[in-house]
Amino acid sequence: TTNDKKRFKDCDDFLKSKHDEYVKLDLIPDEDILPSHRREEPLWHYGIRNWEDLFSARQLLLFSLLVKNVKKVSSTISNQEYAGIISVYLSFLICKHVDYNCLSISFVPTYEKISHLLAQRLPRLFYNHNEVNPFVKVSGSLINIKNNIKKAIEFATRYKNFAKILNVSVTNSSVIKNNYDLIITDPPYLDDVHYAEMSELFYVWMIRCLKEYFPNLP
């Protein structure tokens, strides 16, 4: 509707007026999208050269304000270690929403729901991309993601012993001799899924929330 278009333009105008300020506050991921050693970056063909370009004005404004508020909330916690922990969980919230709210999001007609970024194997551009309302209870919204993170924390705290995780090959003879509660295998996708390259999209948002508490992060 005309009102929908006006609201979108209002976000665009507001972000333009605040863009330089938000860059100085380190709220906007203006890092370059680097080419992969496996093939040329496909987003370059659409003029998308920085990670911020993969978001509409409304999406970029939303995530910038989320990062700003994560920093604000964390700064009110006197215990630095605990503040860092809270920042980690809140950064999970932001990154998971990025997975459902950028220009790479498509619609799945069969199930009448939105897809997510990782379903496309790598960041792509959809001219008819979908945009999820972050404040309602639907797939990919902040409310649902928050509830999922909460459930994960509650599940993890039920166990008094820390899990021991080994990253080894199942062909290793020492592995075969031992018993394990859970074995997780990674299919041999080879170059089909560019996990490392895709992780950068989430990392550029996460590092802005965490670098004050974890200075060793690259």
Side-chain angles (χ1 to χ4, degrees), residues 25-29 51 54-55 59-102 104-105 108 111 113-120 123 130-168 178-187 193-218:
L25 292 173
D26 198 25
L27 303 177
I28 291 180
W51 286 118
L54 196 59
F55 301 87
Q59 293 168 339
L60 193 60
L61 179 59
L62 166 71
F63 286 113
S64 299
L65 294 177
L66 286 175
V67 171
K68 182 179 181 180
N69 280 281
V70 167
K71 290 184 175 184
K72 182 178 179 180
V73 168
S74 302
S75 67
T76 63
I77 302 173
S78 57
N79 185 315
Q80 282 289 96
E81 182 179 8
Y82 185 64
I85 293 171
I86 295 301
S87 295
V88 168
Y89 289 134
L90 292 176
S91 71
F92 289 167
L93 181 77
I94 292 175
C95 290
K96 192 60 182 175
H97 193 54
V98 166
D99 193 27
Y100 282 91
N101 209 14
C102 64
S104 293
I105 306 305
V108 185
Y111 301 102
K113 69 174 186 178
I114 62 169
S115 180
H116 63 104
L117 171 72
L118 298 180
Q120 304 304 321
N130 282 246
E131 202 172 77
V132 62
N133 186 332
F135 305 113
V136 298
K137 196 171 183 179
V138 295
S139 176
S141 70
L142 293 174
I143 297 172
N144 276 19
I145 295 169
K146 184 264 295 181
N147 291 336
N148 289 336
I149 293 174
K150 181 173 177 287
K151 289 177 182 177
I153 296 172
E154 291 172 344
F155 175 81
T157 53
R158 291 184 197 143
Y159 299 93
K160 296 181 180 179
N161 297 323
F162 286 101
K164 183 178 181 180
I165 302 173
L166 301 176
N167 183 16
V168 293
N178 296 319
N179 293 323
Y180 299 94
D181 296 312
L182 183 65
I183 296 178
I184 301 175
T185 61
D186 185 16
V193 182
H194 294 191
Y195 289 114
E197 289 82 353
M198 286 193 296
S199 69
E200 292 182 19
L201 170 59
F202 305 107
Y203 189 73
V204 293
W205 290 106
M206 180 176 281
I207 189 62
R208 285 170 163 76
C209 301
L210 302 184
K211 61 184 177 182
E212 181 179 344
Y213 304 100
F214 302 95
N216 292 329
L217 288 175

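Keep in mind that the numbers below use all heavy atoms, side chains included, and drop hydrogens, waters and symmetry copies.
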Is the shortest heavy-atom distance from the side chain of Trp205 to the side chain of Val70 under 4.5 Å?
-> no

Least distance between heavy atoms, Val204 atom then Pro29 atom | CG2-CB, 3.6 Å

How are the rings of Phe63 and His97 set to each other: parallel, tilted or perpendicular (split at 30° and 60°)?
-> tilted

Side chain His116, main chain Ile105, donor-acceptor under 3.5 Å = no

Sidechain-backbone polar pair: Ser64 side chain, Ile28 backbone, donor-acceptor under 3.5 Å = no

Heavy-atom count around Tyr89 OH within 6.0 Å, excluding the residue itself: above 12?
-> no

Grab the two heavy atoms, one from Leu62 and one from Asn101, that are nearest each other, plus how far apart they are.
-> CD2-ND2, 3.9 Å

Indicate yes or no: at least one non-hydrogen side-chain atom of Leu27 is less than 4.5 angstrom from one of Lys71.
-> yes

Between SG of Cys209 and CG of Asp26, what distance do you get to the nearest 0.5 Å?
-> 10.0 Å

Minimal non-hydrogen separation, Ser75 against Tyr213, with atom names | N-OH, 3.7 Å

Is the shortest heavy-atom distance from the side chain of Phe155 to the side chain of Lys151 under 4.5 Å?
-> no

For Asn144 and Ser139, which heavy atoms make the closest approach, and how far apart are they?
-> ND2-N, 3.8 Å

Side chain to side chain, Asn133 and Val138, heavy atoms closer than 4.5 Å = no

Interatomic distance, Leu90 atom CG to Met206 atom CE [nearest 0.5 angstrom] = 11.0 Å

Heavy-atom pair with the smallest gap, counting every atom of Gly140 and Val132 = O-CG1, 4.1 Å

Side-chain contact, heavy-atom cut-off 4.5 Å: Phe214 with Ser87?
-> no

Heavy-atom closest pair (Leu60 atom, Phe55 atom, distance to 0.1 Å) is N-CB, 4.0 Å

Can Arg158 and Glu154 be counted as an ion pair, charged N to O under 4.0 angstrom?
-> no

